[in-house]
2 protein chains.
Amino acid sequence: MKVVEELSFNPNSVARSLVMRKSRLIGVLIPSMDNKFISDFVNTLEKELFKCNYTTLVCNTKRDDDIEMDFLRLLKDKYVDGVVMMASNPKPHQIEFLEKMAIPAVFAGHTDSTKQFSSVNIDHCQAMYDATRYLLQNGHCKIAFFGGPDIYQQIVERLSGYKQALADYGIEYDESLFYYAHDYDIENGYESGMKLFQRKDRPTAVCCVSDMVAIGAIRAAEDNRLSVPEDISIMGFDDISIAKAYRPGITTIRQPIHELSVQAAQMLLSQIQQKENYVRETRILPHEIMVRGSCMAVSN
Amino acid sequence: MKVVEELSFNPNSVARSLVMRKSRLIGVLIPSMDNKFISDFVNTLEKELFKCNYTTLVCNTKRDDDIEMDFLRLLKDKYVDGVVMMASNPKPHQIEFLEKMAIPAVFAGHTDSTKQFSSVNIDHCQAMYDATRYLLQNGHCKIAFFGGPDIYQQIVERLSGYKQALADYGIEYDESLFYYAHDYDIENGYESGMKLFQRKDRPTAVCCVSDMVAIGAIRAAEDNRLSVPEDISIMGFDDISIAKAYRPGITTIRQPIHELSVQAAQMLLSQIQQKENYVRETRILPHEIMVRGSCMAVSN
DNA sequence: CTGTTAGCGCATTCAC
DNA sequence: GTGAATGCGCTAACAG
C-alpha cells in the first residue's frame with residue numbers, strides 16, 4: 001500500500017474490464033437531450049448509480065432505431081454492467097439482443113409487455129384519461145387532441161385514455177378533432193393549433209400529448225386572438241419545469257420523474273447483483289394532475 | 001473474410017483499446033443537461049464526431065469541480081482519444097492534467113487564456129455590451145443586472161460588458177442595481193426580480209445573464225403587476241428555444257451554438273490527427289441580438 | 001500469506 | 001505474402 005501511494009499507481013480500467021468482463025459502467029439510452037423530463041431523469045439516475053460506484057454512459061439515440069441498436073452493440077462491446085432503456089418502447093430485436101448477450105436491463109417510461117425485462121412506468125392511458133376527465137368535469141364537451149408520433153406506445157396509450165374518457169361521458173369520438181404531428185415539440189403544437197383555431201366550430205378545450213405541444217398550442221391560440229383559458233382551455237402532459245413558469249401556468253399531468261429514476265436504478269442494481277435469481281417485475285407508479293391556469297371551467 | 005461472416009466475428013473494442021491505447025471515444029464534459037443550449041451543442045457535436053466514427057461519452061459534471069476531475073481521470077482510464085471541455089472555465093489543474101496525460105482537448109464556450117489548448121467561444125463581454133447598448137439606444141438609462149455565479153469567467157465577462165456600455169454612455173455603475181444569484185435558472189431570476197420590483201426607484205430595464213433568469217424576472221414583474229415591456233424591459237442571453245416561444249418573446253443574445261459545436265469537433269479532430277504538429281488556436285465566433293417583445297423603447 | 005503464472009482479445013513484430 | 005510469437009495491464013488460480 002505504501003508503494004501504491006509512492007508510485008501513485010492507479011489500476012487500468014480497460015485491462016480490468018477485459019478480464020473481468022465488467023466495467024462498472026451503466027448505459028442509458030435516451031431519445032433526446034433537449035427535454036427537462038429526460039435530463040431530470042438522467043440526473044437522478046446518475047446520482048443513484050454513482051452512490052454504488054457506477055458511471056453512467058449516456059446514449060442519445062435521437063429516436064432512431066438503428067442508432068439505438070448501434071449503441072446497444074457498443075455498450076455490449078464495452079462490457080457495460082447494465083442498461084436503462086428509456087429511448088423508446090421495447091422492440092423484439094432489442095429484447096432478443098439483451099437476452100442473448102445476458103445484459104441486465106430495465107425499461108423506464110416504457111413497459112416491456114413480454115415481461116422478459118423489468119419496467120417502471122406510469123399508466124399513460126389512465127393519466128390521459130384523468131386529464132380528459134378533468135376537462136369533462138369542468139363542463140367541456142368538445143375537446144380536441146393534439147397527438148404525437150404513433151410509433152410510441154405511450155402516445156397511443158394516451159390517445160386511448162382520451163377516447164375512453166370521452167366514451168365514459170357519452171361523447172362520441174370526433175376524428176376531425178384529432179391532430180396528428182410527427183413530433184411533440186413546440187412547433188408541432190403551434191401548427192396543430194393554427195389549423196384548429198381557425199375553424200368556426202372550434203372546441204372549448206384541447207388535450208396535448210406534452211407540455212411543449214401545449215406551449216405551441218397556447219402560442220397559436222394567442223396568434224388567433226383567443227385567450228387561454230377564457231376562450232380555450234389547454235391541457236399539457238409531463239410537468240416540465242417551464243410548465244409552471246409559463247404564462248398562463250400549464251395545467252398538466254405530472255410524471256413522478258424522480259421516483260421513476262430511483263426505482264429504475266434500484267431494479268437494475270438488484271438485477272446485476274442477483275444474476276439469474278433476479279425476479280423481473282413491472283411497476284406502475286402513480287401520476288398526478290397539476291391544476292394551474294391554462295384550463296378553466298366552462299359554463300353551460 | 002468468409003470466416004468473419006460465418007462466425008459473425010466482431011472485434012472486441014476493450015481488448016483493442018488496451019493494446020492501441022485508443023478507444024475511438026471522445027469525452028464531452030458538460031455542466032448540466034437541463035438546458036437547450038447544452039443539448040443542442042451536444043447533439044451537433046455527436047453528429048460531427050459520428051461522421052468520423054467516434055462515439056461521444058457525455059459527462060455531466062453538475063458544475064462540481066471534483067466530479068469534473070473524476071470524469072477526467074475516468075476518461076483517461078478509458079483511453080479516450082480526446083475531450084471537449086464545455087463544463088466550466090479552464091482550471092490550472094485540469095490543464096496540467098490534460099497536458100501531462102497528453103490528451104487532446106478543446107474548450108468550447110470558454111477560452112483557455114493560457115493558450116495551451118484550443119478554444120472556440122464568443123466574446124461574452126462584447127455580447128453583453130451589445131445587449132446593454134441596445135437598451136441604452138432605446139432610451140433606457142437606469143438598467144439593472146441580474147448576474148449569476150461569479151465563479152464563471154463568462155459571467156464575469158458579461159458583467160464587465162454591461163459596465164463598459166454604461167460607462168461609454170456616461171452612466172455611473174450603481175451597485176444597488178446589481179443582483180447576484182448562485183445559479184442562473186428561473187428561480188434565481190424570480191427572486192432577484194421580487195426584490196428589485198418592490199423598490200420605489202425601480203429601473204426601466206434589466207439585463208439578465210441567461211434566458212432562464214429573464215423568464216424568472218418576467219414572472220416576478222407580473223407578480224408585481226408590472227407589464228413587460230411596457231413597465232419594464234427585460235433582456236435575456238443565450239436564445240434557447242423557449243425564448244422565442246415565451247410570451248412576451250424574449251429579446252436576447254444568440255450564441256452561434258451550431259457553429260461553436262462544429263468548430264469544436266473539427267479542431268479536436270485535427271488535433272488528434274496531427275498530434276504534436278497541431279497548432280493551438282483561439283477562435284471567437286460572432287453573436288447576434290435577437291429583437292423580440294420583452295424590450296421596448298422608453299420615451300424620455 | 002506471498003509469489004508466480006496463465007490468459008482476457010487484440011495489434012504488432014518478426015520469422016518463414 | 002502467411003503464421004507464430006510477444007505484450008497491453010489486469011485478475012484468478014495455483015503453488016510455495
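Residue numbers begin at 1 in each chain, while the letters A, B, ... track the order of the sequences. Values reported hereafter were calculated over all heavy atoms of this structure, with side chains retained and with hydrogens, waters and symmetry mates removed. This structure is a prediction, so every number in the text was calculated from the model and none was measured.
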Kindly give the atom pairs (protein nitrogen or oxygen, nucleotide nitrogen or oxygen) under 3.5 Å for nucleotides 3-9 of chain D.
{"unit_1": "D/dC8", "atom_1": "O3'", "unit_2": "B/Arg21", "atom_2": "NH2", "d": "3.2"}
{"unit_1": "D/dG9", "atom_1": "OP1", "unit_2": "B/Arg21", "atom_2": "NH2", "d": "2.2"}

Do the side-chain N and O atoms of B/Asn12 and A/Asp77 include a donor-acceptor pair separated by under 3.5 angstrom? no

A/Met20 atom CE is separated from C/dG7 atom C1', nearest whole Å, by 15 Å

Whole-Å distance, A/Lys78 NZ to C/dC8 C1', equals 16 Å

Charged tip of A/Arg63 within 45° of A/Tyr184 ring normal and under 6.0 Å:
yes

Worksheet item: Does a side-chain heavy-atom distance below 4.5 Å link B/Val28 with B/Met85?
Response: no

For B/Cys52 and B/Arg24 the tightest heavy-atom approach is O-NH2, 2.9 Å

### Query
Is it the case that more than 12 heavy atoms not belonging to B/Phe50 sit under 6.0 Å from its CZ atom?
no

